[in-house]
Student: 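Structure in structure tokens, see below.
Predicted, not measured: the structure shown is a model, and the values here were computed from it. Below, each value reflects all heavy atoms present in this structure, side chains not excepted, and no hydrogens, waters or symmetry copies.
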Amino acid sequence: MIPVSPSTRMAGILGEPGAGPGVRSGMVAGMRLSIWPTAAQPYADILEVAAHAAATGWDGVWIADHFMANKPVGEPVDLPVLEAGSLVAALGAAVPRVRIGTLVYGNTYRHPAVVANMAATVDHITGGRFVLGVGAGWQVNEHAQYGIGLPPVSELLDRFVEALQVLRGLLRTPVTTFHGEHYRLTDATCDPKPVQDPLPILIGAKGEKRMLKVVAEYADEWNTWGLPELIAHKSRVLDEHCATVGRDPGAVKRTAQALVVVDGPVPADLTAPVYGGSRAAIAAAVEGYRELGLDELIIPDGLLGKGAAKLKALDTIRSIVTTF
């Protein structure tokens, strides 16, 4: 465990700066800055990155929910990946102050009642700093290897909507009875309830027709990949869905990420969005996110190097962001 002073740990528990969902460090006016360490690295490296972020003024740490690299079914998978639920619990106990979240739990992997209990427990471990990020589930080779059903898209989304109702019921009401097509609960409880009331639920979604409407109906926070222009477009679509369902668009916080290159050429063969290559390019992208009203900018660490070089890259990004 990273050594933590009693005063620092109590700040995280008691909700002092950075400890809770409503507190911002002020790094960019109105916009949080968080790190996303890949789970495909040793736990010691993940902990080092998270602890460094907490010690240097970042706002959050996010962990993806996968069990292996995304490859075609039948291809060898030789990249070890640590499990998300265990990681957020471990980081929550070891790392003070910052928000800890899943980006995002795949709904197909766990019954939502189990996820609700996991989330409430991690919220207690962190003293009220957990964000429950969830998504419908999608990675084919994980489902194939483990024999987990991956239904057609329509059913997949139907299951996800039911799961969200289960999660909200268990986390926010004393007793939940739910009789859906895919999940059935009778006089179900989830105790103790989370420290946060309510514990924020983030939905990862990019589909404009149905998934962003689900976000409008059920999410406290929304996340997707993209550069500023795309995020601005999808955010407008989300606003339209909020108007349709009668919800204030401001009630849904907007979060996004893209890969970042701090210094050097930006790879041309990536399928994921990426920005950077120089301080000026990073600053321009950050300004673009800020101008569209993004609530939280998340930095994946996949292109930031290793060891001391990665920590230096984090410091460089932070120094660029704090110039605004």
Side-chain angles (χ1 to χ4, degrees), residues 34-50 53 60-92 95 99-112 114-116 118-119 121-122 130-151 153 156-157 159-160 163-164 167 201-207 211 219 221-226 255-260 267 270-274 296 298-304 306 310:
S34 297
I35 188 67
W36 177 0
T38 174
Q41 59 184 318
Y43 174 66
D45 294 350
I46 297 171
L47 180 58
E48 181 180 48
V49 168
V61 177
W62 295 91
I63 297 294
D65 182 31
H66 289 291
F67 305 105
M68 62 192 69
N70 181 28
K71 293 191 175 183
V73 174
E75 278 197 13
V77 178
D78 55 3
L79 184 67
V81 177
L82 296 173
E83 192 273 330
S86 305
L87 279 177
V88 294
L91 294 174
V95 179
R99 300 204 309 168
I100 306 286
T102 47
L103 205 65
V104 290
Y105 275 138
N107 182 58
T108 50
Y109 300 138
R110 307 167 188 85
H111 193 288
V114 174
V115 174
M118 293 168 65
T121 298
V122 176
F130 184 60
V131 182
L132 174 56
V134 291
W138 60 272
Q139 189 166 312
V140 176
N141 64 334
E142 293 175 326
H143 293 79
Q145 282 198 22
Y146 295 155
I148 299 172
L150 184 61
V153 172
L156 184 72
L157 300 188
R159 285 178 178 268
F160 183 51
L164 289 166
L167 289 169
I201 295 175
L202 174 148
I203 296 177
K206 63 180 181 179
M211 278 297 284
E221 305 184 20
W222 162 62
N223 176 265
T224 196
W225 284 82
T255 78
Q257 66 277 336
L259 295 171
V260 183
L270 295 176
T271 57
V274 58
E296 182 169 1
I298 299 171
I299 308 295
D301 74 348
L303 298 181
L304 300 184
K306 296 182 179 180
K310 181 183 293 187

Student: Could you report the tightest heavy-atom contact between Gly60 and Ser34, atom names first, then the distance?
Tutor: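 Taking Gly60 first and Ser34 second, the nearest heavy atoms are N-OG, 3.0 Å.
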Student: So, do Leu150 and Leu156 sit near enough that their side-chain heavy atoms are less than 4.5 Å apart?
Tutor: yes
Student: For a quick test of reading the model, state the closest non-hydrogen atom pair linking Ile35 to Ala53 and the distance between them.
Tutor: CG2-CB, 3.8 Å
Student: Between atom CD1 of Ile46 and atom CG of Leu87, what is the distance when rounded to the nearest 0.5 Å?
Tutor: 5.0 Å
Student: Side chains of Asp45 and Lys306, heavy atoms from C-beta outward: is any pair under 4.5 Å?
Tutor: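 Contact flag for Asp45/Lys306 side chains = no.
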Student: I need the Leu103 CG to Ile298 CD1 distance, nearest 0.5 Å.
Tutor: 5.0 Å
Student: Quick one: does Asn107's side chain have a donor or acceptor within less than 3.5 Å of a partner on Gly137's backbone?
Tutor: no
Student: Name all residues meeting the side-chain hydrogen bond (donor to acceptor under 3.5 Å, both in side chains) criterion together with His66; count only those two or more places apart in sequence or in a different chain, and write none if there are none.
Tutor: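 With neighbours one apart ignored, the set is Gln139, Glu142.
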Student: How far does CG of Leu270 sit from CG of Leu259, to the nearest 0.5 angstrom?
Tutor: 6.0 Å
Student: First locate atom CZ of Arg110, then atom OH of Tyr105, and finally report the distance between them rounded to the nearest 0.5 Å.
Tutor: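 Answer for the CZ-OH pair, Arg110 versus Tyr105, is 5.5 Å.
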Student: Rounded to the nearest 0.5 Å, what separates atom CD1 in Ile203 from atom CH2 in Trp222?
Tutor: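 If we round to the nearest 0.5 Å, Ile203:CD1 and Trp222:CH2 are 12.0 Å apart.
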Student: Indicate yes or no: at least one non-hydrogen side-chain atom of Leu91 is less than 4.5 angstrom from one of Leu47.
Tutor: yes
Student: So Gln145 and Phe67, do their side chains get closer than 4.5 Å, heavy atoms only?
Tutor: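 In short, these two side chains do not touch, never coming nearer than 4.5 Å.
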Student: Contact between Val122 and Thr102 at the side-chain level, heavy atoms closer than 4.5 Å - yes or no?
Tutor: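 Answer no - side chains too far apart.
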Student: Tell me the closest heavy-atom pair linking Gly106 and Asp65, and the distance in Å.
Tutor: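 That closest heavy-atom pairing would be N-OD2, 2.9 Å.
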Student: Using side-chain heavy atoms (C-beta onward) and a distance below 4.5 Å, is Phe130 in contact with Met118?
Tutor: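 A side-chain contact is absent here, since even the closest heavy-atom pair is not under 4.5 Å.
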Student: Just by distance, with hydrogens left out, do Glu221 and Thr255 show a side-chain donor and acceptor under 3.5 Å apart?
Tutor: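 Short answer, no.
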Student: When rounded to the nearest 0.5 angstrom, what is the spacing between CH2 in Trp138 and CG in Asn70?
Tutor: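 So the CH2 of Trp138 and the CG of Asn70 are separated by 4.0 Å.
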Student: Of the non-hydrogen atoms in Val81 and Ala40, which two are nearest, and what is the gap between them?
Tutor: CG2-CB, 4.0 Å
Student: How close do Pro37 and Val61 get, counting heavy atoms only, and between which atoms?
Tutor: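 It is CD-CG1, 3.9 Å.
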Student: Does the side chain of Trp225 reach to within under 4.5 Å of the side chain of Pro300, using non-hydrogen atoms?
Tutor: yes
Student: Measure the shortest side-chain to side-chain distance between Leu202 and Trp62 over non-hydrogen atoms and say whether it is less than 4.5 angstrom.
Tutor: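 Heavy-atom side-chain distance check passes, below 4.5 Å.
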Student: What are the two closest non-hydrogen atoms of Gly226 and Pro273, and how far apart are they?
Tutor: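 Closest heavy-atom pair between Gly226 and Pro273: N-CG, 3.8 Å.
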Student: So, does Asp301 use its side chain to make a donor-acceptor pair with the main chain of Thr38 at under 3.5 Å?
Tutor: yes
Student: Do the side chain of Glu75 and the main chain of Pro72 share a donor and acceptor less than 3.5 angstrom apart?
Tutor: no
Student: Look at Glu48 together with Lys310 and state whether they make a salt bridge at an N to O cut-off of under 4.0 Å.
Tutor: no
